[in-house]
Structure formats: C-alpha cells, structure tokens
J.: 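Submitted below is the structure of interest, expressed as structure tokens.
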Amino acid sequence: MASYSAEIIQRIQKKAQELRKDIISMIARAGSGHPGGSLSAIDIIACLYYQHMQIRPQEPGWDHRDRFVLSKGHCCPALYSVLADLGYFPRHELKHLRKVGSKLQGHPDMHKTPGVDMTTGSLGQGLSVGLGMALGATVQARKFGVYVMLGCGEINEGQVWEAAMAAAHFKADNLTAILDYNGLQIDGTNDEVMSLGDVAGKWKAFGWNVLEIDGHNIPAILSALEAAGNTSGRPSILIAKTIKGKGVSFMEDRFDWHGQRITEEQESLALRELQQEV
Amino acid sequence: MATARAIRDAFAESLVELGKVNKKVVVLDADLAHCSRTSWFAKEYPERFFNAGIAEQNMVGMAAGLATTGLIPFAHTFGFLFSSRALDQVRTSICYPKLNVKLAGGYSGLSNPPDGATHHSICDLAIMRSLPNMTVISVSGDTQTEQAVTAAAEHQGPVYLRLARTECPLSCKKQDFKIGRAVEHCSYGDDVAIIATGLALANAIKAAELLLDNGIQAEVMEIHTLKPIDSQAILDLSARTKAVVTVEEHSIIGGLGGAVAELLSEGPCVPLERVGIRDTFTESGTTYEALIEKYGLAPSDIIEAVERVLKRR
C-alpha cells in the first residue's frame with residue numbers, strides 16, 4: 001500500500017476546508033439546498049478528485065477517465081465546489097446554483113454541468129448506473145474505475161439492494177461504492193426513520209468487500225480507496241462514518257440541516273468557523 | 001408473403017443480426033430471456049448480454065450506465081414493467097439525461113392473454129409518450145419489427161419499442177420505415193380515416209375491407225411512431241376525410257387515440273371515435289381473439305365506431 005506523504009494529506013485537508021466555505025456560500029446564495037450531507041461528503045469527494053481518480057479537467061469526456069456518480073444527488077454543492085476548483089467550469093458559476101438558466105441545477109445534470117458523469121437526484125438509482133458503467137468498461141476492455149457515493153438514508157431504497165446483488169453477481173471489481181454514513185436523514189436519525197441494522201454485515205452478505213472507515217480521515221479514505229482498487233472478483237464498499245454538517249458547529253449532527261436555507265448571519269458565522277480551522 | 005413470425009422472434013433475430021454488425025450493441029433482460037428470445041443474442045454474444053434477474057429498476061439503471069460508456073443497450077422486459085415498476089428509472093436515469101437506451105417492452109397490449117390484468121400492458125404508450133426525450137414506437141408486424149430495431153439502434157436517444165407476443169397477422173410487404181413517419185395502408189377513399197397502431201392495425205385493415213360492402217370507403221393509416229407523431233399526415237388526412245377513428249390495443253386514454261385527440265383539438269374540427277380499451281383493467285382469456293372481442297377491438301367494433309363517427313360528421 002502506498003503511504004501518503006504529510007504534504008498530500010495536508011493539501012487535501014486544506015482543500016476540503018476551503019471547499020466547505022464554497023458549499024456554505026453557494027447554498028446561502030441559492031436560498032435553498034442541502035448543506036448537511038454536502039459537508040459530510042466533501043472529504044471523501046476531495047480524496048477522489050484531488051488524489052485518487054484518473055481525470056482530465058480540461059477534457060471532461062475523456063473516455064478512459066474514472067467515473068464518479070453522486071447517487072445522493074442533493075449533495076451536489078460538494079461536487080460542484082470541487083469541479084469549479086479543478087476548472088471544469090468557471091468559479092463564478094457557483095453563484096448561480098439553482099437559478100434559472102444556470103449550469104448548476106438543484107440536482108446534478110450531466111449535460112448542463114461539465115464534469116458531472118451522471119444525472120442523479122431521485123434517490124437509489126446511482127449504484128445501478130455505476131454498475132452499468134463498470135460493465136461498460138469491461139465489455140470494451142477499458143481500465144477505468146467507477147465510484148458511486150450513496151447516502152445512508154438512500155439505502156432505504158430497494159433498488160440499491162438490487163444493484164448490490166447484481167454487482168456481486170457480475171463480479172464488478174472495478175466498482176466501488178462509498179456510503180456517506182452520517183446516520184441522519186430528512187425526518188430524523190436512521191434508526192428513527194428506518195433502522196439500517198448491521199450495515200456492514202448486509203453488504204458482506206451481498207458479497208461485497210467491505211471497508212469501514214472514518215469518512216473525515218483523509219489517509220484512511222485514501223488507503224481504503226486504494227485497497228478497494230486492488231480487490232479482485234467482487235465490488236467494494238467503503239462504509240464511511242461521517243458527521244452531517246461536519247465543520248460547522250451549529251450544523252453538526254443535526255438532521256434539520258439536511259435541507260435548509262442558510263441565512264446571511266449563519267453564513268458569516270459558518271465561514272468564520274471554517275476560516276479559523278483553515 | 002413470408003411466413004408470419006411472432007414479433008418477439010423477429011425482434012430477437014434482428015438483435016442477433018444487429019449484434020453482428022454493431023459491436024456496441026449490448027442486450028439486457030430481466031429473467032425473461034427465453035420469453036423474449038434475447039437468449040438467442042446471449043448465445044451468440046455472451047460477453048455482451050446481461051441478465052439482470054427479476055429486478056427491472058436495476059436493469060434500467062445498468063442500461064443507462066452502459067450507455068454512458070458509448071454502448072447501445074437494448075433492454076427487454078414486459079411493457080408494463082418499464083412503464084410502471086421502473087418508470088422513475090426510465091424517467092430520471094434515461095429520459096432526462098437523454099441516454100442512448102432502447103427499451104423493448106414485450107408482451108404488450110393483450111398479447112399475453114391468459115395471464116390477465118397484471119400482465120397486460122395497456123397504459124404503456126400513454127406513460128412513455130408523456131416523458132420528454134422519449135421516442136415511442138409500436139410495431140404491427142414482423143418485418144416492421146426488424147426495421148424498427150435497426151432504426152432504433154441508429155437513432156441517438158431513448159426509444160421505447162412496444163412489442164407483442166402474438167404471431168402477427170401482418171407479415172406484409174416491406175414498407176419504408178422511418179421513425180416519425182406515418183404509413184398509408186389502404187386508400188379506398190375519403191369517407192373516413194382509420195388510424196391504427198400496433199397489432200390493432202390488422203383489424204383496422206379488415207374493417208376497412210368490410211366497410212367497402214357497406215359502401216364506405218376508408219383510408220387506413222398506420223402510426224407506428226406515437227412520438228414524435230406524424231402530425232402533418234394525421235391533420236391532412238383528417239381534413240380530407242372529416243371523420244377519424246383511432247384503433248389501438250391500449251387504453252383510449254393517452255395512447256394513439258389520446259395523441260390524435262390532442263392534435264385535432266388544435267387542428268380541424270373533425271369528429272373522432274377512439275377504439276381501444278375503455279379505461280378498465282382487463283381479464284384473463286384463453287385466446288387473444290377472445291380478449292379482442294371482449295374489449296371491443298374486433299373489426300365489427302371498428303365498423304361500429306366508423307358508423308358512429310360518420311353520423312357525427
């Protein structure tokens with residue numbers, strides 16, 4: 001296993017913290033959006049885009065690029081912040097999130113937003129699409145990997161488990177799922193709304209290689225992604241324990257910050273906190 | 001005239017042919033490969049065939065993912081399963097991103113008679129037609145099925161291809177097939193327009209022949225593409241005949257009858273009668289013909305509709 005230099009790790013940590021500020025400002029300006037899950041997902045998405053995935057920001061449609069499917073599409077501010085930073089589109093587009101005529105829709109649109117590999121938004125569909133992409137790579141003897149991020153509430157959806165069964169059946173080892181396991185969904189905790197039970201055990205029983213990690217620990221995320229890539233004969237899932245609203249104290253671990261407007265006052269408070277941490 | 005083949009056989013043979021010339025074609029099925037005969041493709045090209053099991057939602061998603069990599073997926077399951085169970089997947093993962101997926105809805109209409117209402121697809125055209133970016137084709141015969149498969153593969157974007165199980169009575173001469181283009185079948189005269197789609201076309205033609213004995217000269221037009229529909233051809237014919245009857249093995253709501261009603265509401269003031277399933281769940285039947293009769297799709301029903309529409313003219 002490659003070890004990651006302190007420099008790489010710090011660079012991603014710093015980047016993720018900067019991106020959190022973009023996420024807050026973007027959602028505040030839009031007047032609606034989903035800050036909680038965007039903040040829980042951003043460390044993982046940063047690890048994928050700044051280190052792990054093979055991508056060409058100047059050539060978004062590059063055939064051999066690794067693919068990322070944000071199945072929990074409502075957390076697209078996290079993805080948009082990364083794509084803008086990498087130059088897939090100009091940063092000023094972030095100001096137009098959720099506005100009429102914008103490249104940045106309320107949920108990801110692969111045709112409107114350069115760098116978005118799949119249109120998502122209606123929950124539960126991304127893993128099936130990711131599996132199709134992975135099989136498409138195999139059929140055409142291409143080497144790219146496919147990464148699908150799922151929300152923990154999202155795995156209430158039955159289609160996720162259809163895809164889980166199929167991915168193991170097809171031995172899709174070029175497919176890696178990442179569960180953003182922040183424990184909260186719109187109406188409350190997972191246990192209040194729909195108990196997930198032994199999540200790791202379920203994925204193992206479906207035939208997946210399961211890696212349990214802290215989804216805010218950059219070296220742990222990077223190592224797990226690499227381990228997933230080295231697994232053959234079955235798909236892998238990173239069960240990443242995260243904190244909803246991570247990085248902004250008044251949003252952390254609060255289900256009401258799943259989808260909520262951010263006031264100007266809250267925005268400046270959040271940005272101040274994030275600034276201190278950077 | 002070639003021996004009439006079941007539409008599913010024509011479909012499966014076309015896929016095998018297509019797979020030979022176009023390596024980008026992949027096929028998915030949902031544990032119905034033997035019903036649909038996609039097993040023939042699987043046998044020839046096992047590396048390009050995926051049986052998704054009894055999990056249509058996942059199959060539609062897989063097809064979408066395959067399409068993003070430049071492949072041309074043909075996915076098959078029963079028509080009602082695409083249009084009902086997997087509808088959100090069809091909408092969100094295929095139509096909205098305009099992915100190049102071809103959905104072949106098998107056993108449509110009443111073409112699987114004994115299985116009853118749960119397995120009859122009588123709302124699929126209405127549902128599919130309402131989805132932006134979707135092209136909707138409903139075939140009437142085996143030769144046309146071959147043409148439609150080829151045309152669907154050449155067309156860039158989502159296609160719903162409505163197939164049937166029954167042996168089709170119309171292994172007729174090869175007509176030109178173009179997506180979105182109406183086909184003229186019999187032009188006995190301008191008394192009435194009978195516009196039909198899918199298997200119901202055969203009875204529409206029979207009715208037109210029988211009407212000659214009553215001194216009524218009909219023109220039969222086939223609309224195999226419900227979307228984009230050949231508006232001009234329908235409007236021209238309606239203006240000429242000033243009386244229109246639509247015929248389809250589908251609910252009278254939202255399918256061909258619905259589409260023609262929409263057109264006529266913005267066009268010439270022409271009376272319209274819709275022959276189809278009258279907003280009811282259907283029931284099992286031993287034979288296809290028994291159901292056609294029970295649900296009012298027989299030539300005699302079409303003739304009655306013609307008589308009604310002519311009175312209203």
J.: Between Arg67(A) and Tyr147(A), is NZ or CZ placed under 6.0 angstrom from the six-membered ring centre and within 45° of the ring axis?
T.: no
J.: Return the orientation label for the Trp203(A) and Trp208(A) ring planes: parallel under 30°, perpendicular over 60°, tilted otherwise.
T.: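 Correct class here is perpendicular.
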J.: Going by the angle between their ring planes, with limits at 30° and 60°, are Phe50(B) and Phe170(A) parallel, tilted or perpendicular?
T.: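 Correct class here is perpendicular.
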J.: Below 4.5 Å, heavy-atom pairs only: which of Met110(A), Glu162(A), Met165(A) has the largest tally toward chain B?
T.: Glu162(A)
J.: For chain B, which of His107(A), Met118(A), Gln140(A) has the most heavy-atom pairs under 4.5 Å?
T.: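 Highest number of pairs under 4.5 Å: Gln140(A).
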J.: Less than 4.5 Å to any heavy atom of chain A: does that hold for the side chain of Leu99(B), its backbone, both, or neither?
T.: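 For Leu99(B), side-chain heavy atoms alone lie under 4.5 Å from chain A.
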J.: If I measure from the heavy atoms of chain A, does Lys24(B) come under 4.5 Å with its side chain, its backbone, both, or neither?
T.: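 Contact with chain A is through the side chain of Lys24(B) alone.
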J.: Going by the angle between their ring planes, with limits at 30° and 60°, are Tyr88(A) and Tyr49(A) parallel, tilted or perpendicular?
T.: perpendicular
J.: Heavy-atom distance under 4.5 Å to chain A: side chain of Glu47(B), backbone, both or neither?
T.: backbone
J.: Which one of Lys112(A), Met133(A), Gln125(A) has the most heavy-atom pairs closer than 4.5 Å to chain B?
T.: Gln125(A)
J.: Could you tell me whether the side chain of His120(B) and the main chain of Asn112(B) form a donor-acceptor pair under 3.5 Å?
T.: yes
